Amino acid sequence: MLGLVVAHLVLACVLPLVSARSRRAGFAVAAVLPTAALIWALAHAREALTTGVSATLDWAPELGLSLSFRLDALALAMVVLVSGIGALILVYCIGYFGESSPDGTRSAALLLAFAGVMLGLVLADDLLTLYLFWELTSVTSFLLVGQSGEARENRSAAVQALLVTVFGGLVMLLGFILLGEAAGTYRISEIVALGQAGGLGGGTVTAALALILVGALTKSAQLPFHPWLPAAMAAPTPVSAYLHAASMVKAGVYLVARLSPGVADAAVWWVPVVVLGLATMAIGGWRAMAQHDLKRLLAFGTVSQLGFLMVLFGAGTRIAAISGIAMLLAHGLFKAPLFLVTGIVDHATGTRDVRKLSGLWPSMRGSAIIAAAAAASMAGLPPLLGFVGKEAGFEAFLAEDDLRGRLVTLALVAGSVFTVAYSARFLWGAFARKPGVADTPVHGPGPLLTWPAGLCALGGLVLGIANPVVDADAQSYAGAYPATSPVEAGYHLALWHGLGLPLLASAVALVLGYSLHRGWSRVGRLAGHFPRALSAQHAYEIAVGGTERVATAVTGRLQAGSVPTYLVVILVTVVALPGTAVLVGGSWPDQPIYHAPLQLPLAVLATLAALALVRVRRRFTAVLLVGVVGYGVGGLFIVDGAPDLALAQFLVETLSLVAFVFVLRRMPSRFTLERQRARTQVPKALISVVAGGMVAGTAVVLSGARQVPATTSAEFIRLAPEGAGALNVISAIIVDFRALDTVGEITVLFVAAVGVASLVLATPYDRRRRRGKESGAGSPGHEAEVIGDVAGEEPPEGSAGTALVPSEHEEVRP
């Protein structure tokens, strides 16, 4: 499984080389791996529906980190959408983008990368693995929606989608950590099994579930986070069909479906999911009816359908779970072709505005039939899979026979009324002949556009008739829920369950939905009177604008160009955060602070040098005192039996002293001091003392927290002679075991050396150029005079333009 995911990402990295020669070939090659993933999943379907197929790659075993994957019934349904529909959409892209499209080269690679990370997400059996792919889907979605970044609409839509989904993902990560620690494992299958056994409970789990729901709600565009999905319609139509209809927006639904078998009994889980899902279904349907752009109509319809799916998977009943699997598949199989048909209409006519489209049925009969089949499944007409799944959803809550079941059923019927209405509005808006509007001229779409859309719509029809295939997958997933009644125990998906309330609910939704579409010209006037102050998009804009204003205010206050201010902020932060943690959680060691008499004079020497530093006025003297402190620390290393560390310390101090000397010869010999009041000096002294004491105390506390025996240290000692050929363990660690870290440190020293060299060598030229410009002199003689001044004379103290490095009391202003 990991190999399939990695193969997607590797091919995505090299795919631009193919797309650069032929964009069509790039999309064709990209479609191969999703097809292979679908074939692989179907080949393992029997195992997936019984025991499941698992694979684990240990990443850091001692830390309990691993990449865990599992193919089961739920993952199988998602792979059909992610890989099956993904492959068809990539084929569709061959005809959609063509060879002249500037976005074709990057879109092929990004779509394939997205297919890979989405495949990893749905197969993940570990919370941290799932989170890794979760965030990667947000990044790839950002790049796909933003495209080249030239259009402002694409940029703002991509940023909004990224901000909302990443915010939810970070909150969800905290929930994952709390849940994993409370359960004692991060393996999802084990957590669900523990929840089914009643082993999950307590305040930590409650908080974890609430935080996880934030991530699920943001990813699946649930109220109040839903505006990012309609805004993302700025992306090309194939991207919208794949990300925002078939796969990515279902990630939140998938997460709820994945965890619900173990936690659905918790009110903190099912109450928000059901309530917000129903509200999202209603608001999304209402907003869809008010749209004139076909893509935005489908986008709000997707929001509505995602709310329906949330209700089904969050309810925690067996029949609702069966309906959830059926509707999960049905939604991808009807919404993807509707988006693809929208792209066909846009290509053929140059517009998606229903007010400008008229009379397309005769000239685009094939596309109209495809759209009609998909819209019929969305509306819940038999014998399509949408009807099978929706009737099961009605049955799930009618079977509860309590107040909750009745209320949810009524809300689902109301939401389904909107679903039928905007399904009819889509067909009417795209293909009907409208009074007073001339027939829209079209050019016929090619087979690469119509066939992928047709196969998706055909899948909804075939699986509706062959519903036992879907039922097998649904029964396997729903087996994790206990059957509380004989009706639940014996329920199966079918086209005909006899006359009953579920069939009546479907009929009522169809009749009222079509009536709403017919009378929308009168009812729809209310849609334009929705207060903007109550709009979720308005709330997003206020939140982003407020955050920007706060950030500007904080930055303006803290990034003031003052070195003392920066030091104060850093030291206060160190004292407030790590210092508080050490004070609360640390313990003073039982052993004495020193164990050798020679440590005392060395410590006194370093302390006196540090105290003298705050009183000296000459720069060179200050550098020597800093060296004394460093040499004192090196002496402590010798006393403690670490001559190699002492040697490194002495070398560093010596090199630092040499570097300072090179720099200081270009600077005034004394610090430029300003007389400061006691009220500013005392707080600075207090902060310095507290910060220094905190660092010293932390060092002592951490030295006493060392565990004996230390397994890592023992391993270093064991491996050093035979693995590195060294008797000096420190040398073996630095040169062999942590070679890459050492290379990084050497690189840092090299960069620092380059900086010092630039100060030493480039400074005289820069300063003489600046002084020459200020004096207006341009003659060679004058330039020589300036050079002599710089190289041979010491500038007066406090003169402008002489201090290259600010003193401890100076401020740097931009």
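What you are looking at is a predicted structure, and each value in this text was computed from that prediction instead of being measured. In this chain, residues are counted from 1 in sequence order. Side chains included, hydrogens not; waters and symmetry mates left out as well; all remaining heavy atoms used.
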| task | Determine yes or no for a side-chain-to-main-chain donor-acceptor pair under 3.5 angstrom, with Lys250 supplying the side chain and Leu81 the backbone. | result | no

| task | Return yes if some donor-acceptor pair links the side-chain N/O of His292 with the main-chain N/O of Arg355 below 3.5 Å, else return no. | result | no

| request: Indicate yes or no for a side-chain donor-acceptor contact from Thr140 to the backbone of Leu110 under 3.5 Å, with no hydrogens or angles considered. | output: no

| query | Does the Tyr92 side chain pair with the main chain of Ala453, one donor and one acceptor, at a distance under 3.5 Å? | reply | no

| Flag, side chain of Ser260 to backbone of Ala257, donor-acceptor distance under 3.5 Å | no

| message | List the residues meeting ring pair (Phe, Tyr, Trp, His ring centres under 6.0 Å) with Phe27, not counting sequence neighbours, and say none if there are none. | response | Phe97

| message | Looking at Lys434, I'd like to know if its NZ atom is crowded, meaning that more than 12 non-hydrogen atoms belonging to other residues, nucleotides or ligands lie closer than 6.0 Å. | response | yes

| task | Determine, step by step, whether Met233 and Phe339 satisfy the side-chain contact (heavy atoms from CB on, under 4.5 Å) criterion, reporting the C-alpha distance in whole Å, the side-chain angles of both residues, the deciding distance to 0.1 Å, and the verdict. | result | CA-CA 10 Å; Met233 292 303 107; Phe339 270 105; 3.5 Å; yes

| said: Students often mix this up, so state it plainly: with edges at 30° and 60°, are the rings of Trp228 and His244 parallel, tilted or perpendicular? | reply: perpendicular

| Contact check, side chains of Leu9 and Cys13, non-hydrogen atoms, under 4.5 Å | no

| Side chains of Leu121 and Val82: closer than 4.5 Å at any heavy-atom pair? | no

| Looking only at heavy atoms, which two atoms of Ser19 and Ala108 are closest? And how far apart? | OG-CB, 3.8 Å

| field | Donor-acceptor contact present, side-chain Thr129 to main-chain Ala124, <3.5 Å | value | no

| task | Go through the steps for Ser423 and His517 under the test side-chain contact (heavy atoms from CB on, under 4.5 Å), then give the verdict. | result | CA-CA 9 Å; Ser423 300; His517 162 64; over 6 Å; no

| message | Considering only residues two or more places apart or on different chains, which pairs with a residue in residues 336-352 satisfy salt bridge (Lys or Arg N to Asp or Glu O under 4.0 Å)? | response | Asp293-Arg352, Asp346-Arg352

| task | Test Trp520 against every option in Tyr422, Trp428, Phe418, Trp286 by the ring pair (Phe, Tyr, Trp, His ring centres under 6.0 Å) rule and name the one that passes. | result | Trp286

| request: Answer yes or no: is there a donor N or O on one side and an acceptor on the other, between the side chain of Thr419 and the main chain of Gly415, under 3.5 Å? | output: yes

| Min side-chain heavy-atom separation Gln160-Gln537 under 4.5 Å | yes

| said: How close do Ala251 and Met118 get, counting heavy atoms only, and between which atoms? | reply: CB-CE, 4.1 Å

| field | Under 3.5 Å: donor-acceptor pair, side chain of Lys356, backbone of Thr349 | value | no

| query | Looking only at atom types and distance, does a side-chain atom of Tyr96 sit under 3.5 Å from a main-chain N or O of Gly343, one as donor and one as acceptor? | reply | no

| request: Using only heavy-atom distances, determine whether the side chains of Thr165 and Ser138 contain a donor-acceptor pair under 3.5 Å. | output: yes

| query | With distance as the sole test, does Ser220 use its side chain to make a donor-acceptor pair with the main-chain N or O of Gln222 at under 3.5 Å? | reply | no

| query | Aromatic rings Phe334 and His331: how do their planes relate, parallel, tilted or perpendicular, breaks at 30° and 60°? | reply | perpendicular

